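Worksheet for the structure shown next.
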There are 2 protein chains.
Amino acid sequence: MLRPHTSSKPVSIKDIARIANVSHSTVSRALRNSPLVHPSTAEQIRKIASESGYRASAVARSLVNRRTHTIGVVVTTIADPFNGEVVSGIEDKANHLGYSVFLANSKSEPERELRVVHSFEERRVDGIIVTSSRVGAHYADLLERMNIPVVFLNNHNPGNFAYSVSIDDGNGAREATNHLLDLGHTRIGYIGDEFGLRSNENRLSGFRGALRSRGVKEHAEAMESGDGSCAEGAAAMERILKRTPLPTAVFCYNDQTALGAMSALHARGIRIPEEISVVGFDDLPAASYASPPLTTVRQPMEQMGRRAMEILAGLLSGETAGIEGVEKFDGELIVRRSTASPKK
Amino acid sequence: MLRPHTSSKPVSIKDIARIANVSHSTVSRALRNSPLVHPSTAEQIRKIASESGYRASAVARSLVNRRTHTIGVVVTTIADPFNGEVVSGIEDKANHLGYSVFLANSKSEPERELRVVHSFEERRVDGIIVTSSRVGAHYADLLERMNIPVVFLNNHNPGNFAYSVSIDDGNGAREATNHLLDLGHTRIGYIGDEFGLRSNENRLSGFRGALRSRGVKEHAEAMESGDGSCAEGAAAMERILKRTPLPTAVFCYNDQTALGAMSALHARGIRIPEEISVVGFDDLPAASYASPPLTTVRQPMEQMGRRAMEILAGLLSGETAGIEGVEKFDGELIVRRSTASPKK
DNA sequence: CTACTCACTGCACACGTTAACAATCGCCAC
DNA sequence: GTGGCGATTGTTAACGTGTGCAGTGAGTAG
């Protein structure tokens, strides 16, 4: 029995080779279950390896294989629950596929985003997933520079990237708005995300399209923008509340904005949904535990993360079959208790 | 001007050496700003490097330096907002210190936790941070096996590990409970986390200690357990509501549990805080946007994450000065509107 | 007996970087 | 002229793993 825990340096195949009285290549082959090595020696080698606590060095292996089996994930901030869900899906799939994931927050600072991608480049990640990027324009050049596959998830930025998975913003917004229209609302506000860019535009135009197709007109005094956070959602709602007439319903860019808006309404003593209905977008876990539980458009966040990873892995193994450039997921309207017909 | 984007393989220092007509070691030195190389050649080399889009290979560098400048972070799940905040702090600090972070979810499955740590071992991470581990017992052996530094953050598990940062559970719980006692509550419930282990025990005993020191007795019918999630928080509260007499206040293991509990109360039409006061623990962003805004014990989650990374980096550079084994952070009671005096 | 095949193993190099050591050159003091 | 020194550069060997190629036997067919 070996004493594996004492040596400071990790044991290598050469150490094992010395003990087993074979060359290090035989060890390498044995540990990778190559048919080229005699079963009995292979077994002996594997025994020594496991007793000595041997762990193959992924870094040495990566050097020769030119594949690190590593991917980089860039998020604005992992503290955002939306990104948490997405990354959870990515990591889960990556784990099953044998990839490790580097996580980096860009904080939406272009300078930092650059640093992060450079670091990924040096680490020789096999691929990159970028979620909810707001400064994606910078990527365009970096992309072809690195020529490694990149998959975008809900990229907010205009511009066409080769591979992306995203939610169908327009349709989701349309469904949500139709729900409010069906309830009889005709004075509906919208709280957007001023940094949401394309994503915000698409939801906004879905909203507008729904109004137009029912002949309901838009009310400029009930249109406001936050930045996708609770805090700014609340602030935006407060601005709307200062103006008259008040809307009877508000559709929000995302759940966080909606939760913030609801908090502003509560603070003013305005009842939801009796006086104002609220609709969000995302279906964060918190949405169903809000009071009242939030009507929203569900994004399959984890699933989208998994799919992004799947696509990336597909690109890495050269199987482009069954991979479309742009995959759109459908949102699902989840009706809860934050919406009701307006009182006459 | 070079055409960097065409070659499939990344450019190496040897490529640069060939172009600059020097040896690869001179290139290596020049790029690392060694004083050993003539300023003019150094400048020329740096020019070629930048024009060719050269990026040093961290994997090759790691192989010779035996330092990857990489750390592994194990969380139960990154979809948990608490972990999101913590990891955000860790990543931020790591980034500034020149470390990249591998993220892995254990999902509290021992088998998966093992796989994850093995993968970190193969990747030759310089250190590991484990947050909110519920199966930490398994780590004990793995730890010394790997002999790389490990820092625990809010480790739920009994057993003493060398380095950890955690919240002062007992004191936080005591403050929260005292707040309720000060308001005049005498029938106070507790909703715990059955998997919270030590962390739950400490909060529970802080709760009990506060009651005892005021001579208020515990009410078994108002004691329940969830698993730290909204869903189970709601379920636990529903169980309490089936029993009489009802408590006038409930202290919850964490904010998620509290949010779930509030949702259950709302569903039954029970008013907060008029009929039942609710207190949480963590101060997640969602807590201040709940309705009513949640009274809770704030954990400086990001800061704790940063500190854990700082400690780890300290251990890695051998500066043990100013590093205590176990660092405890103080929680801060944040009084919002989910608590009030009981009606007589 | 020879030649050939088969199963297994070792040798040597490659991957991209760092670093210890050697080498070269110009210059200065003796 | 010679020796030494300082500045700059090159040579070489690692780091741990994978792999093409050569080598070594043993067994077998001719």
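Please read these numbers as outputs of a predicted model, since none were measured by experiment. Convention: sequence-line order gives letters A, B, ...; per-chain numbering from 1.
In this structure, A:Pro149 and A:Leu312 have side chains that are in contact, with non-hydrogen atoms separated by less than 4.5 Å.
Note: CZ (B:Arg61) to P (D:dA14) measures 22 Å, nearest angstrom. In this entry the distance linking NE2 of B:His38 with P of C:dG26 reads 14 Å, nearest Å. The distance from atom CZ of A:Arg67 to atom P of C:dA14 is 23 Å, rounded to the nearest whole Å. With rounding to whole Å, B:Leu36 atom CG is found 10 Å from D:dA7 atom P. Between the P atom of C:dC8 and the CD atom of A:Glu43 lies a distance of 14 Å, rounded to the nearest Å. Following rounding to the nearest Å, B:Asp15 (CG) and C:dA14 (C1') show an atom-to-atom distance of 14 Å. Atom OH in B:Tyr54 sits about 8 Å away from atom C1' in C:dG16, given to the nearest Å. Rounded to whole angstrom, the span from the CG atom of A:Leu63 across to the P atom of C:dT17 amounts to 9 Å.
Using a 4.0 Å heavy-atom cutoff across all strands shown, B:Ser62 reaches no nucleic acid atom at all. Residue contacts for B:Val22: at a heavy-atom cut-off of 4.0 Å it reaches the sugar-phosphate backbone alone, with no base atom in range.
Side-chain nitrogen and oxygen atoms of B:Ser28 include at least one within less than 4.0 Å of the OP1 or OP2 phosphate oxygen of C:dT18. Residue A:Arg32 places at least one side-chain N or O closer than 4.0 Å to OP1 or OP2 of D:dT19. A sub-4.0 Å separation between OP1 or OP2 of D:dT9 and a side-chain N or O of B:Thr26 is absent. Contact annotation: A:Arg66 side-chain N/O to C:dC15 OP1/OP2 distance is not under 4.0 Å. For the pair A:Ser23 and C:dG10, the criterion of a side-chain N or O lying under 4.0 Å from OP1 or OP2 is met. In this model, the phosphate group of C:dT9 is approached by a side-chain N or O of A:Thr41 to a distance below 4.0 Å at OP1 or OP2.
For B:His24 and D:dT12, a side-chain-to-base donor-acceptor distance below 3.5 Å is present, hydrogens and geometry of angles not being considered.
Between the side chain of A:Asn105 and the backbone N or O of A:Lys107 there is no donor-acceptor pair closer than 3.5 Å.
Side-chain polar atoms of A:Thr131 and A:Asn83 form a donor-acceptor pair below 3.5 angstrom. There is no side-chain donor-acceptor pair under 3.5 Å between B:Ser28 and B:Ser25. Using a 3.5 Å distance cut-off with no hydrogens or angles, the side chains of B:Thr70 and B:Arg124 do not pair a donor with an acceptor. Side-chain atoms of A:Ser166 and A:Asn154 form no donor-acceptor pair, as typed in the model, at a separation below 3.5 Å. Side-chain atoms of A:Arg123 and B:Ser100 include a donor-acceptor pair closer than 3.5 Å.
Relative to the side chain of B:Lys14, the nucleotides D:dT17, D:dT8, C:dG16 differ in distance, and C:dG16 lies closest. Taking every side-chain heavy atom of A:Asn65 into account, D:dT19 is the closest of D:dT19, D:dT17, D:dC15. Listed nucleotides: D:dT8, D:dC15, D:dT17. Nearest to the side chain of B:Val64: D:dC15. Comparing D:dT9, C:dG16, C:dC8 by their closest approach to the side chain of B:Ser57 singles out C:dG16.
A pairwise comparison of heavy atoms in A:Ala20 and A:Ile48 identifies CB-CD1, 3.7 Å as the closest pair.
Between B:Phe102 and A:Phe102, the distance from one ring center to the other falls under 6.0 angstrom.
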Listing time: all N or O pairs from protein to nucleotides 4-6 of chain C that are below 3.5 Å?
none

Report, one pair per line, the protein and nucleotides 20-24 of chain D atoms (nitrogen or oxygen only) whose separation is under 3.5 Å.
none

(message) Test salt bridge (Lys or Arg N to Asp or Glu O under 4.0 Å) on A:Glu111 and A:Arg115; report intermediate values, then the result.
(response) CA-CA 6 Å; A:Glu111 172 258 341; A:Arg115 215 168 62 216; 2.9 Å; yes
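Look at B:Arg306 and B:Glu302 and you find a salt bridge, because one of the NZ, NE, NH1 or NH2 atoms lies within 4.0 Å of a carboxylate O, short of that distance.
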